Amino acid sequence: MSKPKVIVICGPTASGKTSLSIELAKRINGEIISADSMQIYKDMNIGTAKPTIEEMQGIKHYLLDFISPNKRYSVADYAKDAKKAIEEILRKGKTPIVVGGTGLYIDSLIYGIEYQEIEFDKTYRDELEKKVEEEGLNKLYEMAKEIDEEAVKKISPNDKKRILRILEIYHATGKTKTEQEIESRKKEVEYEYHVYALDWDRQILYDRINRRVDQMIENGLIEEVKNILKKYDEFPTAMQGLRI
């Protein structure tokens, strides 16, 4: 029996995923599921380049603007919510189009990876943060490399968020992130994913990113961040997208 088809459009920041996906949705009777780990948050519109109502052009979008910035939201949460959205779109007789640049979110779907839910350990996180302050992020990078060299190969030495995740997964479960992924991939996925990745010349992409940042500033990014900082007391993961 053939599986339902799901289109996936991925690529780096400012690569044109949003406009392409909306145009595609109009042509093939599709609806869009965001796979962006920052656009899920309320009140973070300019800084996350969240599509406006006008930009959506009447195409229904799922998993945008529905989590408070002071709440935690895991990859496991995303996979569960994305599958619900896929099923809803399929029931309408339409084509699901998953769009985003968050690799963990996309991997959780197309490879059927089930990232084990781990309880947040604030004490351990504080220990890691203190080590960063005293010894630098490279110390944590080397720790992560000793634990899970395969996972570390896929990230930058400056990617604090993913370095912390590698360490916290191992601390909480005794298994590496890579081991969890290998175990999960043994299970058959439910859909037939057609994945398209947007690729640009590096310098052209950097120019696009620079223009986007300038536009964000003009549109009120600084004021948006000030308002968020006033409104919420804590940001477990939300502000990582803005490096705050």
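Everything numeric in this text was worked out from a predicted model, so none of it was measured. What's counted below: heavy atoms across the whole structure, side chains too, no hydrogens, waters or symmetry copies.
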Could you go step by step and tell me if Glu192 and Val6 meet the side-chain contact (heavy atoms from CB on, under 4.5 Å) rule?
-> CA-CA 6 Å; Glu192 182 181 328; Val6 177; over 6 Å; no
Audit row: Lys177, Glu181, salt bridge (Lys or Arg N to Asp or Glu O under 4.0 Å) steps and yes/no = CA-CA 6 Å; Lys177 178 174 175 289; Glu181 291 177 354; 2.7 Å; yes
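- Distance check, rounded to the nearest 0.5 Å: CG of Asp65 to OG1 of Thr48 gives 8.5 Å.
- Rounded to the nearest 0.5 Å, atoms NZ (Lys231) and CG (Asp43) are 3.5 Å apart.
- The closest side-chain heavy-atom distance from Arg165 to Leu104 is below 4.5 Å.
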Evaluation steps, side-chain contact (heavy atoms from CB on, under 4.5 Å), between Asp81 and Tyr62 | CA-CA 9 Å; Asp81 289 340; Tyr62 298 75; over 6 Å; no
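- Taking each heavy atom of Asn219 and Ile46 in turn, the nearest pair found is O-CD1, 3.2 Å.
- Nearest heavy-atom pair, Asp159 versus Arg162, reported as atom, atom and distance to 0.1 Å: OD2-NH1, 3.0 Å.
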So Asp77 and Ser74, side-chain hydrogen bond (donor to acceptor under 3.5 Å, both in side chains) or not? Walk me through it.
-> CA-CA 5 Å; Asp77 291 329; Ser74 69; 3.1 Å; yes
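- Between Glu150 and Lys153, at least one side-chain nitrogen of the basic residue sits less than 4.0 Å from a carboxylate oxygen of the acidic one, meeting the salt-bridge criterion.
- Applying the 6.0 Å contact sphere to OH of Tyr141 captures more than 12 heavy atoms from other residues, nucleotides or ligands.
- Between Lys122 and Glu129 no salt bridge is recorded (no basic side-chain N to carboxylate O distance below 4.0 Å).
- Residues Glu31 and Lys60 are not paired through a salt bridge, judged by the lack of any N-O separation under 4.0 Å between the basic side chain and the carboxylate.
- Linking ILVMFWY side-chain heavy atoms closer than 4.5 Å, directly or via other members, places Leu64 and Val75 in two distinct hydrophobic clusters.
- Using the six-membered ring where Trp is involved, His171 and Tyr124 have ring planes that are parallel, under 30° apart on the 30 and 60° scheme.
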Worked check of side-chain contact (heavy atoms from CB on, under 4.5 Å) between Tyr105 and Leu109 | CA-CA 7 Å; Tyr105 279 14; Leu109 290 176; over 6 Å; no
For the pair Lys145 and Glu149, evaluate salt bridge (Lys or Arg N to Asp or Glu O under 4.0 Å) and give the outcome as yes or no after the intermediate values.
-> CA-CA 4 Å; Lys145 190 174 181 180; Glu149 186 172 4; 5.2 Å; no
Decide salt bridge (Lys or Arg N to Asp or Glu O under 4.0 Å) for Glu190 and Lys3; before the verdict, give the C-alpha distance in whole Å, the side-chain angles of both, and the deciding distance to 0.1 Å.
-> CA-CA 7 Å; Glu190 303 156 89; Lys3 299 177 183 179; over 6 Å; no
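- In this structure, the separation between CZ on Arg208 and CD on Gln203 is 13.0 Å, given to the nearest 0.5 Å.
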Report, one line per pair, each donor and acceptor closer than 3.5 Å where one atom sits in a side chain of residues 8-26; sequence neighbours left out.
residue, atom, partner, partner atom, Å
Ser15, OG, Pro12, O, 2.6
Lys17, NZ, Gly11, O, 3.2
Lys17, NZ, Pro12, O, 2.9
Ser19, OG, Gly16, O, 3.3
Ser21, OG, Lys17, O, 3.0
Ser21, OG, Thr18, O, 2.8
Glu23, OE1, Lys26, NZ, 3.4
Glu23, OE2, Arg27, NE, 3.2
Lys26, NZ, Gln57, OE1, 2.6

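- In this structure, the side chains of Leu128 and Glu168 come closer than 4.5 Å at one or more pairs of heavy atoms.
- Put simply, the side chain of Ile89 does not reach to within 4.5 Å of the side chain of Ile32, judged on heavy atoms.
- Annotation: side chain of Tyr41 is in contact with side chain of Tyr73 (closest heavy-atom distance under 4.5 Å).
- In this structure the side chain of Asp233 never reaches within 4.5 angstrom of the side chain of Asn70, judged on heavy atoms.
- Ring pair Tyr193/Tyr111: centre-to-centre distance not below 6.0 Å.
- Hydrophobic clustering keeps Met56 apart from Ile40 (ILVMFWY residues linked when any side-chain heavy atoms are closer than 4.5 Å, directly or through intermediates).
- The two residues Ile166 and Ala144 have their closest heavy-atom pair at CG2-CB, 3.9 Å.
- The two residues Pro96 and Ile33 come nearest to each other via the heavy atoms CB-CD1, 4.3 Å.
- At a threshold of 4.0 Å, the pair Glu87-Lys83 does not count as salt-bridged, since none of the basic side-chain nitrogens sits closer than that to a carboxylate oxygen.
- Residues Tyr191 and Lys5 are not in side-chain contact: their nearest non-hydrogen atoms beyond the backbone lie 4.5 Å or more apart.
- With a 6.0 Å radius and a threshold of 12 heavy atoms from other residues, nucleotides or ligands, Ile222 has its CD1 atom at or below the threshold.
- Atom NZ of Lys139 is surrounded by 12 or fewer heavy atoms from other residues, nucleotides or ligands within 6.0 Å.
- For the residue pair Tyr232 and Ser68, the shortest heavy atom distance occurs at CE2-OG, 3.3 Å.
- Contact of the Ser108 side chain with the Lys80 side chain is not registered, since no non-hydrogen atoms from C-beta on lie closer than 4.5 Å.
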Show the numbers, then the answer: is there a side-chain contact (heavy atoms from CB on, under 4.5 Å) between Met216 and Arg211?
-> CA-CA 9 Å; Met216 285 177 173; Arg211 288 197 299 272; over 6 Å; no
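- One finds the OG1 atom of Thr95 at 8.0 Å from the CG atom of Leu90 (value rounded to the nearest 0.5 Å).
- Thr176 and Ile169 make their closest contact through C-CG2, 4.3 Å (heavy atoms, listed as atom of the first residue, atom of the second, distance).
- Asp121 contributes atom CG, which lies 7.5 Å from atom CD of Glu127 (distance to the nearest 0.5 angstrom).
- In this structure, the separation between NZ on Lys226 and CD1 on Ile228 is 13.0 Å, given to the nearest 0.5 Å.
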Go through Thr102 and Asp36 one step at a time and tell me if the side-chain hydrogen bond (donor to acceptor under 3.5 Å, both in side chains) criterion holds.
-> CA-CA 5 Å; Thr102 301; Asp36 187 298; 4.7 Å; no
